[in-house]
Amino acid sequence: MDGPGPLGTFLQARRARLRPEDVGLRETGPRRRVRGLRREELAQLAGVSVSYYTRLEQGTSRGASAEVLDAIARALLLDDHEREHLDRLVAAARHTSRVRRPRPEKLADETRDLLRAVDGVPAMVLGRRTDVLAWNALGHALLAGHLDFLSPDDPALRPNMSRILFLDPHCRELYTDWKRKARAVVGNLRIAVSRHPEDPLLAELIGELTMKSPEFVALWGDHRVTPCDAATYELHHPVIGMVTVTQQTLSIARAPEQVLVVCTTPAGSPAEEAVALLRQASGPHVPYTDSIKATRPGFTAARAPERDRRRRNSSGTHCNSSASPAANEPGPH
């Protein structure tokens, strides 16, 4: 194995995060030249030999019992999410398989029905790499209205929400606390990588973000592990102004690697009224129904409404500008 690998890198990052006083140690001996605990201190806390822990961290040892992992996790003060992440990294280090380019993710009809059932709230379905597999008109208008509404239907053109957050200047301005949202996205990507360590498309996404975004590099190097379950964000939307929504991530029973993301607002709140205005500005929800038909046998572009053919060839110039009420014709939603 070349280098410490994901397991060793994670252990090193978590060891560097701790100070001696965090774990009840007193500073003794020569002055520290590196931040965090020394390997021998961590090994002592975990009750393992220094040489054994060093091999584990350097990636030259792939075996560790559950008892040893529990001891190391306690010594590193890992929370539950980080402990699960450690287990996945150890399991991945033990097993190697031939890397194959995965097939494009597909959306089951039941999932499309689920998305249609929540048509009254902004919603989208994300794949395991945060690719947008589908969104409803309101989800598109709220989070990425400047993109082609039908782009998720083509695997080669699917938007990726992680890429959008870090590299798209329009949607980057959508979150008033962009850094908090970015930390959540990176923490979630960490979990995805530990679950699919040999996914080449996921590796390509991480590589692209590493090359193009210094902010991503800094957050990725922190090795924080946080699932995106639910969080409240204040959005600066170009059409409806400031609005606060809670983004909730729900598992899909028939497709465990896909999630449904919904944006909710408190009943009777100004945010609920603002989203209702956005719904009116977005026009009728016919395009979503048509996009479903476009993925089924027998449907051709020639049979699509003229509006959808214009929508398929159009490209916006400002985040959610296509949802502007000033446009009398419905935008690409």
Side-chain angles (χ1 to χ4, degrees), residues 1-17 34-36 57-59 76 78 81-82 84-86 88-93 96-102 104-105 126-133 143-144 147 151-152 155-175 177-228 231 233 247 249 257-259 261 319:
M1 179 180 294
D2 296 330
L7 172 60
T9 303
F10 176 71
L11 292 174
Q12 291 171 6
R14 283 293 156 265
R15 180 168 57 84
R17 185 182 64 174
V34 295
R35 64 190 181 99
E57 196 173 276
Q58 290 179 342
L76 290 172
L78 301 185
H81 297 305
E82 292 169 332
E84 293 174 1
H85 184 66
L86 177 62
R88 289 191 293 267
L89 293 178
V90 170
T96 58
S97 58
R98 206 169 91 190
V99 177
R100 296 180 179 178
R101 196 167 187 83
E105 292 184 83
L126 300 183
R128 72 187 194 189
R129 308 175 196 92
T130 68
D131 291 325
V132 180
L133 305 184
L143 300 174
L147 301 178
S151 56
L157 300 177
R158 282 174 179 165
N160 180 278
M161 294 309 294
S162 298
R163 184 181 291 110
I164 289 173
L165 184 69
F166 282 96
L167 304 181
D168 189 320
H170 302 297
C171 285
R172 181 173 173 136
E173 297 173 358
L174 184 64
Y175 292 87
D177 190 351
W178 178 86
K179 290 184 177 179
R180 187 167 72 90
K181 177 62 177 178
R183 283 195 296 269
V185 168
V186 170
N188 206 51
L189 281 176
R190 276 265 168 224
I191 296 176
V193 169
S194 69
R195 288 174 176 166
H196 310 284
E198 297 178 352
D199 185 333
L201 296 180
L202 186 57
E204 288 176 10
L205 173 64
I206 301 301
E208 179 186 358
L209 295 177
T210 300
M211 293 294 294
K212 296 180 179 179
S213 173
E215 295 95 336
F216 178 83
V217 173
L219 292 171
W220 189 253
D222 186 57
H223 287 260
R224 202 172 297 273
V225 181
T226 309
C228 291
Y233 297 102
Q247 295 182 358
T249 302
E257 294 183 346
Q258 299 174 9
V259 294
V261 180
C319 187

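What you see is a predicted model; the values in this text were computed from it and never measured. Residue indices begin at 1 and follow the sequence shown.
At a threshold of 4.5 Å between non-hydrogen side-chain atoms, the residues R195 and E257 do not count as touching. Put simply, the side chain of F166 reaches to within 4.5 Å of the side chain of L219, judged on heavy atoms. In this structure, L201 and L205 have side chains that are not in contact, with every pair of non-hydrogen atoms separated by 4.5 Å or more.
Atom CD1 in I164 sits 10.5 Å away from atom CG in L174 (nearest 0.5 Å). Expressed to the nearest 0.5 Å, how far CD of E84 lies from CG of L78 amounts to 11.5 Å. The structure places CZ of F216 at 6.0 Å from CG of L189, a figure rounded to the nearest 0.5 Å. How far CE of M211 is from CD1 of I206: 14.0 Å, rounded to the nearest 0.5 Å. Rounding to the nearest 0.5 angstrom, the gap separating the OH atom in Y175 from the CD atom in Q247 is 3.5 Å. Distance check: S194 OG to L86 CG gives 10.0 Å after rounding to the nearest 0.5 Å.
Among residues two or more places apart in sequence or in another chain, the side chain to side chain donor-acceptor pair (under 3.5 Å) test is passed with Q258 by none. Shown here are the side chain to side chain donor-acceptor pair (under 3.5 Å) partners of Y233, two or more places apart in sequence or in another chain: there are none.
The minimum heavy-atom distance linking P169 with L167 is given by the pair CD-O, 3.3 Å. Across all their heavy atoms, S162 and V185 have their closest contact at OG-CG1, 3.4 Å. Here the closest non-hydrogen pair linking I191 and H85 is CA-ND1, 4.5 Å. Nearest heavy-atom pair across A13 and G221 is CB-O, 4.5 Å.
In summary, of the residues considered (V132, L143, L126), a side chain to side chain contact (heavy atoms under 4.5 Å, CB included) with V261 occurs for L126 alone.
Salt bridge E82/R17: present, at least one basic N to carboxylate O contact under 4.0 Å. A salt bridge does not link R158 to E105: none of the charged side-chain nitrogens sits closer than 4.0 Å to a carboxylate oxygen.
At distances below 3.5 Å, not a single donor-acceptor pair connects side-chain atoms of D131 with backbone N or O atoms of L133. In this structure, the side chain of S213 does not engage the main chain of T210 through any donor-acceptor pair within 3.5 Å. For R190 (side chain) and W220 (main-chain N/O), a donor-acceptor pair under 3.5 Å exists by modelled atom type.
Within the structure, the salt bridge (Lys or Arg N to Asp or Glu O under 4.0 Å) test picks out the following pairs touching residues 208-219 (sequence neighbours left out): R163-E208, R172-E215, E208-K212.
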